[in-house]
Engineer: 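Before I ask anything, here is the structure I am working with.
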Amino acid sequence: MDKSILVLDKGTRCTAWNYSGERLVAGLIDGSLAIYDSTDPASSNFTCTHRFKGLEAHNGSIVKVVWAPPEYGDAVACISEDGNLSLWEEIVDDTEGPHWKMCKCFDRNTSQVLDVQFGYGQTSLKLVAAYSDGRVKIHELLDTLELEKWQLQAEFQNVIDLVSKFGNVSCISASISWNPERIEVRQSSFVLGFNSNTPSLNSAKVWEFDLDHQRWLPVAELSLPEDKGDQVSSVAWAPNIGRPYELIAVATQKGISIWQLRSNPDHDGRLSVHRVALLSGHENEVWEMEWDMSGMTLATTGSDGVVRLWQSNLNGAWHEQAVLAPPS
Amino acid sequence: MPAVASDSGDFNSLSIVPHSLETQTPRVYPLRTSRTAPPFGRVSISWGRGSTLRVSLLQPGGAESDGEVVEVNLTNAEGGEISEAERQRIAHGSVTPFALLQSRKNQMDELQYDKTWWVHVMEYSNEIKSLLGTSKSYITPTIENPKALLEDVEEPTSLKAAWELMEMFYADKQSQTWIPERLLDWLADFDCLLSATLPTVHAKLVAFQKALVTIQEVENDPEYWEIMSSALGIGWLDIVVKMLRLHGSYQLDQLGTREIESGLVEAVAVLISQMPRLRPHISDEKLGECYNTKPEFMKAWEKWRTQITKLDCHPYWLQCDHKQTRVGLKNMIQIMLGNANVVSNATYHWIELYISHLLYIRPFTVGLESMYTLAQKCMHLKPITNRHKLMGLLIGILEENTEVVLAECSRSFGPWMITHAAELLTAGSAQAEILLHEEQSKIGGICIEELHRLIYAQVLSSHVLTWNIAPIYLTSCMKQGLGLLENLLYKQPVQVLSEVLKDCNILLHSIEICRLNGIDYVSHHMMKIAGVHYWKHGEKGSAVYWLQQAQDEVRLNRIAKHLFDFVGKSVSDESFKQWEGMIDLLGTESKTAGGLEFLKKYRDFRRSLQQVEDGITTDDARKASEALISLMRNPSTPQQFWLHLLNDSLELLNWKDRPLFNVSQTNLLLNKLQELSLARLLPGYVDADLPPDAFRSVRLALASNLGRAILEE
């Protein structure tokens, strides 16, 4: 059954649903954010309940919005077209009912923020941001109840060889996906890929926090030797409900690769990776990828304007299961 | 559904269930948009609960039109045959039988399992069947209206038809000896389903019944004879006999002139109603004579056949003037004698031909022996272009190919069917049991049975009215059920957005599910979300309550600090009462975090101090002084409160009757004061909001108390 559940305001550039699918935040071309709520939980009809202008100092469209994990409140991070990253949350105080206020605007120098993602289930909230100069910054929340106070935990470039440093890097886009595991049995980890002019930065790499040495280490590179420089448009880490391996989807211009990642590091600390499928479907760029809650079905969208659903059959062969195409 | 709801038997609706059949090209489903059209600036996706996908369709930058979000439910696989409400009713109704069967399975030992398991499975199957609709046969003659051949009953569903096939061939051990007759009954109930796309006996019968009202002399209508032959061919004896009695020669005014004709009709009718049937019993309105064992049946069959042959050769036929009657009855006799050509002409669908073969040509068929070859032969004789999904399932069963049966179940009838029918399948076939229970490394180490349960649970969790039964199926999944249950619960809404709709049902229900499954960390996570939501939304009391439930010490300590700041400012005035209520709310929870524990002790201290001011008895004062010592000893008492506490206790320190603090206690307090005076020198120390001479007054009081204490000791 498909039905239209929400009409977005004119000029919407990006949207994001919260953890329970009961709220949507939309970023608009004029730099505003709009919040849509369900008026009645039984029906799924949503209306705009809040609309507010983003950063006054910086004009330009909002290009990306992301919800913070719900245990930190109703908060979103948003990136504006000029590359600023700010954090907004809904609060009630003595003077006013529920309203949205900016709680943090992250400093930036010359480079722009391209993508941002919150980590799950750690004792302290982590926010990883990828910048147009190929750097990654990981910010850590200092106070669980105040989204204002952050400190920079780490900063590095997306390269396997930790010694190399690249200058004159220009990235068009970046994609980050955290390991969705919530239980703190494993170290927090995420996968990151770039679309840039510097081949070594591009390929998707899995970063894991090494508790003993208190630093982030690249533990796997999700790319075949001949494809290492391929520009990555999107990455998605699948939920794991009990598989002995992790599944990560990586999209490049060659198609969507499904990678298996096993947690048995070799003597260099690298995890074994194995590409189980290379899927082609979207003619050009892949825009977004998202796994369902069981990690069995991958949904993707791309510049061909359709949604594709991918699944493995019982023999382990991945294939395109369905296409959702808007009427042309 | 985006899919075209046809009943053509192939996988035609949007369901994302993996199976092992060859990969087909992906199906394209048109998304129904109401306001937007391509090209899009961006198409954004987000999985909602379960198997719902939300697609944001955003217009390109310059466009002046709206964007929209379309929600797609990827769960419907019955081709639109069953309504949403009906599906939910079935989903809820099948929980108890399923859960009961699982618990019986867990309790049973192996020996019992082999012998009696199918009895439990049949009990389960009967309960499920009753959910899928009434089991009343479609073909029931009514006495009231002689011209009503078929009774109007509720339209059966393919789902029920499929369930009965599975039951008949796998679960019901008692029916193994009379499968052909069971199949005949099945066709009587569900032939109408096949009529939708192809000509069938049922369809012809329905059409004829409509025309019957206007037909005067029915025996002159060739269709009358054709339809009777068809009905006889597939064993609908009661209908045939009823139709025969409509013959004109039965009418009172005709009896004299058409005696022989009427005699022949009656003779055929009697023979039909005496047809031997290899089945233990038959319902009252159905005709035929039942035989339980094959030898008895064979004997009766031979006798019956002899009678037919005898009638066939009778000289009366020459005297019968009515040609249609003569030809028609002779044709029916040929059917009963098993003439393959006549049988083939009388039937339409291959399954009908199949039934006639089993009835009249191979009446002694028992079990599944060579049934598949016969089916192939019938399909060859009656080729069909548009295969019904039920036929796909039936062929898989006859072929004894478990993989095909599984695939047909899941792709044509959906996750509900495969999850529940797997129990029938495993009860009846050792091969199926191995196939369903074998761990598959290619799908992450689970077995196919578990895979289907997981998918079904995901489908259930797509809907707000069925998500709460998903855990029952997930707990029957040994390997990945808990993982999916966690993810399902993490997606449950916790905070309440509207004041009007404030209730915590979903939260409370989720907490209960967590408790039953031993996943308290998930409920703690949910309670944390609730606590933080309340905190941010100005409901501090509820916030503290939920964070306490979540045992979230980090956040509680943080809140305690926040309260200290507040308390610290107003300690000596009347606003004490404002936050006293909040501390009361903390109740008697023993596991409160350090900071909050201090607040409770502080509250108690304040109360006893209050009593001292009111009553002035030494006993009260002693209690208050004990509370003070305990507070000052407690490491969780924040330094910023020390001076407040001491200043508030000046009256106790200067107690007139006798010193309330002994030497060591006074020394403790003096040390604290000393520590405080050193801390005051450090940067970042916030001076308490107290009179400037408070420090001095306390020191003085302590010194004099120490002096008096030494003297006393």
Side-chain angles (χ1 to χ4, degrees), chain A residues 1-8 10 12-15 17 19-22 29 37 41-42 44 70-73 91-93 98 143-145 182-183 239 241-244 287-288 290 292-294 297 299 301 305 307 309 311-317 319-328, chain B residues 1-2 14 16 18-20 23 26-35 38-40 42-49 53-58 64 66-73 76 442-445 454 458 479-480 483-484 487 491-493 497 501 528-529 532 536-538 554-555 558:
Chain A
M1 195 179 292
D2 60 337
K3 58 177 177 185
S4 185
I5 51 170
L6 192 154
V7 177
L8 293 160
K10 286 188 182 73
T12 301
R13 286 286 303 273
C14 53
T15 57
W17 287 96
Y19 74 103
S20 61
E22 293 207 315
I29 200 157
D37 282 311
S44 44
E71 63 270 31
Y72 293 90
I91 52 157
V92 172
D93 54 29
D143 181 333
T144 48
L145 284 175
R182 282 160 209 267
I183 309 166
I241 55 171
R243 271 182 267 106
W287 281 337
E288 285 181 24
E290 197 175 300
D292 71 341
M293 65 190 258
S294 61
T297 311
T301 68
V307 180
L309 301 174
Q311 222 174 37
S312 155
N313 70 7
L314 299 184
N315 302 319
H319 64 277
E320 189 173 1
Q321 178 85 10
V323 178
L324 306 174
S328 48
Chain B
M1 277 308 301
L14 186 46
I16 42 169
H19 50 78
S20 57
T23 315
R27 284 178 171 260
V28 179
Y29 303 95
L31 260 187
R32 282 192 306 230
T33 55
S34 62
R35 310 172 74 99
F40 296 109
R42 188 88 178 177
V43 180
S44 199
I45 38 176
S46 174
W47 287 96
R49 267 179 277 174
L53 186 67
R54 284 168 174 177
V55 185
S56 296
L57 301 158
L58 310 177
E64 269 306 293
D66 308 333
E68 68 177 316
V69 181
V70 176
E71 186 175 73
V72 189
N73 200 334
N76 190 344
K442 284 175 178 161
I443 51 172
L454 291 171
Q458 201 172 339
K479 293 209 153 174
Q480 300 188 354
L484 190 58
N487 284 356
K491 278 184 174 274
Q492 289 307 315
L497 296 169
L501 296 159
K528 248 180 232 187
I529 296 176
V532 172
K536 299 269 181 182
H537 287 77
V554 177
R555 286 188 178 81
R558 175 61 192 72

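These numbers were taken from a predicted model, which means no experiment stands behind them. Chain A is the first sequence line, chain B the second, and so forth, proteins listed ahead of strands; every chain is numbered from 1. We use all heavy atoms of the structure for the numbers below, so side chains are in, but hydrogens, waters and symmetry mates are not.
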Engineer: How many angstroms lie between atom OG1 of Thr144(A) and atom CZ of Arg558(B), to the nearest 0.5 angstrom?
Structural biologist: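 These two atoms lie 7.0 Å from each other.
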Engineer: Chain A: which of Pro38(B), Ser56(B), Gly67(B), Gly538(B) shares the most heavy-atom pairs with it under 4.5 Å?
Structural biologist: Gly67(B)
Engineer: Could you tell me which residues satisfy salt bridge (charged side-chain N to carboxylate O under 4.0 Å, His left out) with Asp93(A), sequence neighbours excluded, listed by chain and number?
Structural biologist: none
Engineer: Need one label for Ile45(B): side chain, backbone, both or neither, based on atoms under 4.5 Å from any heavy atom in chain A.
Structural biologist: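 The answer is both parts of Ile45(B).
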Engineer: Chain A heavy atoms under 4.5 Å from Lys491(B): which part of the residue, side chain, backbone, both or neither?
Structural biologist: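 Answer is both: backbone and side chain atoms of Lys491(B) are under 4.5 Å from chain A.
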Engineer: Considering only heavy atoms, which portion of Val28(B) lies under 4.5 Å from any heavy atom of chain A: side chain, backbone, both, or neither?
Structural biologist: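 Both backbone and side chain.
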Engineer: What part of Gln492(B) gets within 4.5 angstrom of chain A, counting heavy atoms only: side chain, backbone, both, or neither?
Structural biologist: backbone
Engineer: Hey, what do you get for OG1 (Thr297(A)) to CD (Gln321(A)), rounding to the nearest 0.5 Å?
Structural biologist: 7.5 Å
Engineer: Given the options Gly48(B), Pro39(B), Ser44(B), Gly445(B), which has more heavy-atom pairs under 4.5 Å with chain A than any of the others?
Structural biologist: Ser44(B)
Engineer: Between Thr301(A) and Phe40(B), is there a side-chain heavy-atom distance shorter than 4.5 Å?
Structural biologist: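 A side-chain contact is absent here, since even the closest heavy-atom pair is not under 4.5 Å.
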Engineer: Under 4.5 Å from any heavy atom of chain A, what part of Val532(B) do you find: side chain, backbone, both or neither?
Structural biologist: side chain
Engineer: Among side-chain atoms of Ser34(B) and Glu68(B), is any donor-acceptor pair under 3.5 angstrom?
Structural biologist: yes
Engineer: Name the region of Leu454(B), side chain, backbone, both or neither, that has any atom closer than 4.5 Å to a heavy atom of chain A.
Structural biologist: side chain
Engineer: Who wins among Ile241(A), Asp143(A), Val92(A) for the most heavy-atom pairs under 4.5 Å with chain B?
Structural biologist: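 Of the candidates given, the most pairs with chain B belong to Ile241(A).
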Engineer: Strictly distance-based, threshold 3.5 Å: is any side-chain N or O of His537(B) a donor or acceptor partner for the main-chain N or O of Ile91(A)?
Structural biologist: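 It does not hold such a pair.
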Engineer: For the CZ atom of Arg54(B) and the CH2 atom of Trp47(B), what is their distance to the nearest 0.5 Å?
Structural biologist: 12.5 Å
Engineer: If I measure from the heavy atoms of chain A, does Arg35(B) come under 4.5 Å with its side chain, its backbone, both, or neither?
Structural biologist: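 Just its side chain gets close to chain A.
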Engineer: Tell me, for Val307(A) versus chain B, whether the close heavy atoms (under 4.5 Å) come from the side chain, the backbone, both or neither.
Structural biologist: side chain
